**Q** 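One structure is given below, represented as C-alpha cells, and several questions about it will come after.
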Amino acid sequence: MIEFRDVAVRYGPNPLFEHASFKINASERVGIVGPNGSGKSTLFRLILGDLQPDTGDVFLEGTPRIGFVRQHLEADSPEQTLLQYCLEGIPGFEATERAIAHLEEALTQNPSEAEKTRILRELGEAHTRFEQMGGYSIEARVKESLGGLGYATEAFDRPFNTFSGGWKMRAELSRVLASKPEILLLDEPSNYLDLPAIEWLQRFLRAFDGTLVLISHDRYLLRAITNRIVEVDGGTVTRYNGPLDYYLTERELRYEQLLQAKANQDRKREQLERFVERFKAKASKATQAQSREKQLEKLEEIKLPARSRSAGYLRLPLAPHAGAEIVRLEQAAYQYPEGESPIFANLDLRVMNGDKIAIVGYNGMGKTTLLRLLAGVRQPTAGKVVFGYHVAPGYQSQDLAETMNPEETVFNIAKAAAGALPEKELRNRLGGFGFDVDDCAKQVKVLSGGEKIRLAFVRLFLNPPNFLLLDEPTTHLDLEGRETLQRAIHDYTGTVVLVSHDVEFVRGTAQNILEISTRGIRRFPGGYDYYMEKIAAETQPEETTMATTAEPQKLSSKDLRRQRAQERAARAPELKRLKKAVETAEATIAKLEEEQAVITESLGDGSLDAAGLAHAGKRLKEIEYDLSKWTLQWEEAALALEVFEDTP
C-alpha cells in the first residue's frame, strides 16, 4: 500500500501540487493522468524515494520490491549481450547466483565441521532466496517477454550497446517485468513500443497480480488494464474510484461544479472589493469596510484544472481537389546501401482519394520508410512511385515538431513557411489553429508538446495538402490532445496515411490497415478491430476457419439435429485428445511442483551434504526446464481446447 499525506512539491515560488492526499491499495491498477508538465512523473520519484516532498509524507507499507524502468541505460561491458543485460539487471539475481557459486566452491575446500555447518546453512538460505525470486525460471520469463516485445531469438546474443535507444528501453522493460516486482511503476511504456508490442504488453499486464501504477496518455492501455485513476492537474491531485470512462464522466461533472463555484466566488469577491473601494474612506463605514477586507483575505481561491490545451482548436481545412488515384507503387523496393536484403520488394500498392490508412508492424520493419516513399521524400531503389492528378502531399515526420528553433516565436516560425502570404492572412491562419495574439509572441521553447504539434500543422497547411502523411503524430499529446487530433483526422476531407502506436487513435481514424511483418506487406480493407479479428482467425484450427466460412444451407430441424450429431461425433476424437493433453500436462506440472517444493525444503533444513546440495541444485534446474516445457504444452493445449469447445 502507498499513501500520500498532505504532500506538496515546489519548484521555485510556485507549487507543482499541494495538499496531495490519496492511497494506492495493494493489487490496485492505477492510471496516472494529466497534462504534460503537471507533475505525474514527480509522483513516481516520491514513491521511489528519489525526491523528498517539501511538506507532507509518502508512506510505503513494508519494503516491497519495486519495478521501475530507468531512463539512462548502458551495458556493464561492451561484450554484455541483450540476454545477459536483462538477467543481470534483475535485483538480487546476480548477487544470489554468485553467493551460491562461492558457497559451493567453499565446500570443496575441506572446511572444518563447524565451518561446513555454517556454509551449508547459508547455502540452503541462498537456494531458498533464489527459488523465491523465481531464479530457476527467470531466463525463460525474460526470453518470453523479449519475444513479446518484438525481439527476434537471434538478437538475444547481440551486444546490448548495439541496440538503439528505443530497443534498449524495451530490454529494460523486459527485465523489470521478468523480475516479478510487488509494485510495478510504468512511465509512458507505449512510447517505446509499436502496436504488436502494445497488444502483448496489455495482455501481460492484465495477468500481473501485483500493484500496478501506470503513467500514460494511451487510452487503450488505460482502458484495458487500470481500474482506478489519479489525475494530476492545476496543482491538485485527485483520485477517482473507477476506470478511465468513469473518470472522464466524473471529471466533466466536477469541472462544471468548479466553474459554477468559481463564478459565484468571483461575484462575491467583486461585491466585496466594490464595497471596500467605495466606503473605506468614510468614517461611518470604515469598520464594515475593514470587515469586508478581512473576508476578502480569507477567501481561498478556487483553482480550476488546467484543462489541456495540447491540441486546442484543431480543425483541418478542406482538402484541395485531386484525382481518383492518389499514389501508386509498381514493383517498388527499398534497400539501404549497407543493407544485405531489401526492406521490401516487388510491392504493388494503390492509395485512392479519400482513403485513411494506418501502417502497423514491429519497429524496424520499414513503416517509416514506406511512408516516406508514399510522400515522395525518398525514392525506391527499384520499381517506381506514380502520383495522381493534382496530388499535393503533406508529410509530417515524427520529429518535425522538434526541428523548430526553440528561440523563435510562433509567428516567426509560421512566417518563414508562409512565403509571400500577407501578415493579416497569416495571423488569420494561426488563429484558425488556436493561436491568439499573445500565443503568436511565445517562443517555441515555452510551448507544450501539443502546441508544437499545432504549430507544425500550421506550417503544413500554409500550402494546403490533399494527401496527409503522418509519422507518430500523437507522441507529444496528452489525453485531450489525442482526442482532438483524432476528431480532426476523422473529419478531414483529404487522404491520410499514418503510422501510430496509439491503438485508440488508429481505431478512430483508419479505415484500412497496412501490415508490415515477416509475411510481407498485406492490406486489410477494414478498421483496426477487423484487422485484429483476421489476425486472430489465422491462428485458429483449420476446421474452425472452415466452419465459419462455409456457406449456410437451409436445413429442416431434423436434418439440423442429425448434422450436429455427426459434427459432434467427428469432433469427439480431437476433443478427447485435447482434454487428455491438458490433463496430462496439469498432472505433470503438479508432480514437478511437488518435487520442487520437497527439494527446496531440504535445501534449507541442513540435511544435505555437499554432494547432495550439488545434486539438488542440478535437479532444480532440470525441474524448472521441464516446468517451462510442460507449461507451454499446457497453454497450447488449453487454448486449442477453448477454441474447439467454443466452436458451434
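As the structure is a computational prediction, the values presented were derived from the model and not from experiment.
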**Q** Identify the heavy atoms of N463 and A417 that sit nearest to each other, and give their distance.
**A** ND2-O, 4.1 Å

**Q** Answer yes or no: is there an ion pair linking R251 with E480, defined by an N-O contact shorter than 4.0 Å?
**A** yes

**Q** What I want to check is whether the side chains of Q486 and R219 have a donor and an acceptor closer together than 3.5 Å.
**A**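 A pair is found: one side chain offers a donor N or O, the other an acceptor, under 3.5 Å apart.
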
**Q** Please find the pair of heavy atoms, one from M365 and one from S517, that lie closest to each other, and give the distance.
**A**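 Heavy-atom minimum between the residues: CE-C, 3.3 Å.
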
**Q** Under a 4.0 Å threshold between the charged nitrogen and the carboxylate oxygen, would K168 count as salt-bridged to E172?
**A**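 Between K168 and E172 there is no salt bridge, as every charged N stays at least 4.0 Å from the carboxylate O atoms.
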
**Q** Return yes if a side-chain donor-acceptor contact under 3.5 Å exists between Y336 and T369, otherwise no.
**A**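 Looking only at side-chain atoms, T369 and Y336 do form a donor-acceptor pair, the distance falling under 3.5 Å.
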
**Q** Hey, does the Lys NZ or Arg CZ of R427 hover above the aromatic six-ring of F411, less than 6.0 Å from the centre and inside 45° of the axis?
**A** yes

**Q** Hey, are T495 and D355 close enough side-chain-wise for a donor-acceptor pair under 3.5 Å?
**A** no

**Q** Salt bridge check, R10 against E18: does any charged N sit closer than 4.0 Å to a carboxylate O?
**A**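 Looking at R10 together with E18, the answer is yes, because their closest N to O distance falls below 4.0 Å.
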
**Q** Answer yes or no: is there an ion pair linking R523 with D348, defined by an N-O contact shorter than 4.0 Å?
**A**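 Result for this pair is no, no salt bridge flagged.
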
**Q** For E325, is there an ion pair with R350 - N to carboxylate O distance below 4.0 angstrom?
**A** yes

**Q** If you measure from CG on D233 to CZ on F17, what distance do you get to the nearest 0.5 Å?
**A** 12.5 Å

**Q** Testing the basics here: between V444 and K452, what is the closest heavy-atom pair and its distance to 0.1 Å?
**A** O-CE, 3.6 Å

**Q** Establish, yes or no, whether the cationic atom of R482 lies under 6.0 Å from the six-membered ring centre of F505 and within 45° of the ring axis.
**A**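 Checked: cation-pi criterion not met.
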
**Q** Quick check: Y389 with F387 (ring centres under 6.0 Å apart)?
**A**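 No, they do not, as the ring centres are separated by 6.0 Å or more.
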
**Q** Is it possible for you to check whether R228 lies under 6.0 Å from the centre of the six-membered ring of Y240, through NZ or CZ, and within 45° of that ring's axis?
**A**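 So R228 doesn't make the cation-pi contact.
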
**Q** Is it true that Y220 and E199 share a donor-acceptor pair across their side chains at a distance under 3.5 Å?
**A** yes

**Q** Tell me which pairs pass salt bridge (Lys or Arg N to Asp or Glu O under 4.0 Å) where either residue lies in residues 358-386, with sequence neighbours left out.
**A**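 For residues 358-386, and leaving out neighbouring residues, the salt bridge (Lys or Arg N to Asp or Glu O under 4.0 Å) pairs sorted by first residue read E330-K384.
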
**Q** Under 3.5 Å, is there a donor on one side chain and an acceptor on the other for D6 and S21?
**A**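 No.
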
